[in-house]
Amino acid sequence: STGVLISKDQFMISAGRDRVVRYWDLQQPQKSFRISNTSPNTIFTYNAYKDEKYKEVVFEELIEFEEEDYANLNDKQNSATIESSTSQLKKNGSHDAKSVHQDIITDLKAIEYPQNMLLTSSRNGIVKV
């Protein structure tokens, strides 16, 4: 991550090189989600576990595939784009490429006045609210 905001024991917001802003729910990790999503046709699941070796809690985002995705994987010319029927059903609205950063997110800030806002900036100089 290149930027992190933390609300002690409540949530964490992270952003980074993959151009994605994530909201991590520290109390209920399965309720975590992507604020900005570069993969709108993919379903993600969220998990947390304690790493016994390093005595740390690890939060992870996993890509969820349907069984037919694996069967169709070899049929795709571009295997980086895999869509599942479930993700199409859960997709709400169309994906707007302008809503996500086109370069690495370098910073994020929270602003409380005049209303709560999250600002992100990217390496190419674009700032998004």
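What's counted below: heavy atoms across the whole structure, side chains too, no hydrogens, waters or symmetry copies.
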Q. Where do Ile111 and Leu119 land on the side-chain contact (heavy atoms from CB on, under 4.5 Å) test, with the steps shown first?
A. CA-CA 8 Å; Ile111 296 178; Leu119 290 128; 2.4 Å; yes
Q) Residues two or more places apart in sequence or in another chain: which of them pass side chain to side chain contact (heavy atoms under 4.5 Å, CB included) with Ser122? A) His101, Asp103, Asn124, Ile126
Q: List in chain and number order the residues that pass salt bridge (Lys or Arg N to Asp or Glu O under 4.0 Å) with Glu56, two or more places apart in sequence or in another chain; answer none if no residue qualifies.
A: none
Q: Treating Ile, Leu, Val, Met, Phe, Trp and Tyr as nodes and any side-chain heavy-atom pair under 4.5 angstrom as an edge, say whether Trp24 and Ile6 lie in one connected cluster.
A: yes
Q: Spell out, yes or no, whether Ile35 and Phe11 are grouped together once hydrophobic residues are joined by side-chain heavy atoms under 4.5 Å, including indirect joins.
A: yes
Q | Worked verdict on Arg34 versus Ser39 for side-chain contact (heavy atoms from CB on, under 4.5 Å) | A | CA-CA 10 Å; Arg34 286 181 169 208; Ser39 303; 4.1 Å; yes
Q) Around Gln30, counting heavy atoms of other residues, nucleotides and ligands shown, do more than 12 lie under 6.0 Å from its CD? A) yes
Q | With sequence neighbours excluded, residues passing salt bridge (Lys or Arg N to Asp or Glu O under 4.0 Å) with Glu60 | A | none
Q) By side chain to side chain contact (heavy atoms under 4.5 Å, CB included), which residues pair with Ala110, not counting sequence neighbours? A) Leu5
Q | Verify same cluster id: Val4, Leu26 (apolar side-chain graph, 4.5 Å) | A | yes
**Q.** Contact check, side chains of Val57 and Asp51, non-hydrogen atoms, under 4.5 Å
**A.** no
Q: Report the distance from atom CZ of Arg17 to atom CZ of Arg123, rounding to the nearest 0.5 Å.
A: 6.5 Å
Q) Taking the six-membered ring for Trp, are the ring centroids of Tyr46 and Phe59 within less than 6.0 Å of each other? A) no
Q: Sequence neighbours left out, what passes side-chain hydrogen bond (donor to acceptor under 3.5 Å, both in side chains) with Thr2? Give chain and number order.
A: none
Q. Under a 4.5 Å side-chain heavy-atom rule over Ile, Leu, Val, Met, Phe, Trp and Tyr, are Val20 and Val127 clustered together?
A. no
(Q) Holding to side-chain hydrogen bond (donor to acceptor under 3.5 Å, both in side chains), I want the full list of residues that pass it with Gln28, two or more places apart in sequence or in another chain. (A) Lys31
Q.
Just to verify, what does Gln27 make a side chain to side chain contact (heavy atoms under 4.5 Å, CB included) with, not counting sequence neighbours?
A. Asp9, Asp25
Q: Quick one: name the residues clustered hydrophobically with Tyr113, using the 4.5 Å side-chain heavy-atom rule over I, L, V, M, F, W, Y, and just say none if it's on its own.
A: none
Q | Gap between atom CG of Leu108 and atom OG1 of Thr120 - 0.5 Å precision | A | 7.5 Å
Q: For Phe44, enumerate each residue passing the ring pair (Phe, Tyr, Trp, His ring centres under 6.0 Å) test, keeping only those at least two apart in sequence or located in another chain.
A: none
Q) Would you call Ile105 and Val21 a side-chain contact if the rule is heavy atoms closer than 4.5 Å? A) yes
(Q) Going by the rule salt bridge (Lys or Arg N to Asp or Glu O under 4.0 Å), which residues pair with Lys55 if we only count those two or more places apart in sequence or in a different chain? (A) Glu52
Q | Contacts of Lys109 that satisfy side chain to side chain contact (heavy atoms under 4.5 Å, CB included) - sequence neighbours left out | A | Asp107
**Q.** Under the ring pair (Phe, Tyr, Trp, His ring centres under 6.0 Å) test, residues paired with Tyr49 that sit two or more places apart
**A.** none
(Q) How close do Gln102 and Val100 get, counting heavy atoms only, and between which atoms? (A) NE2-O, 3.1 Å
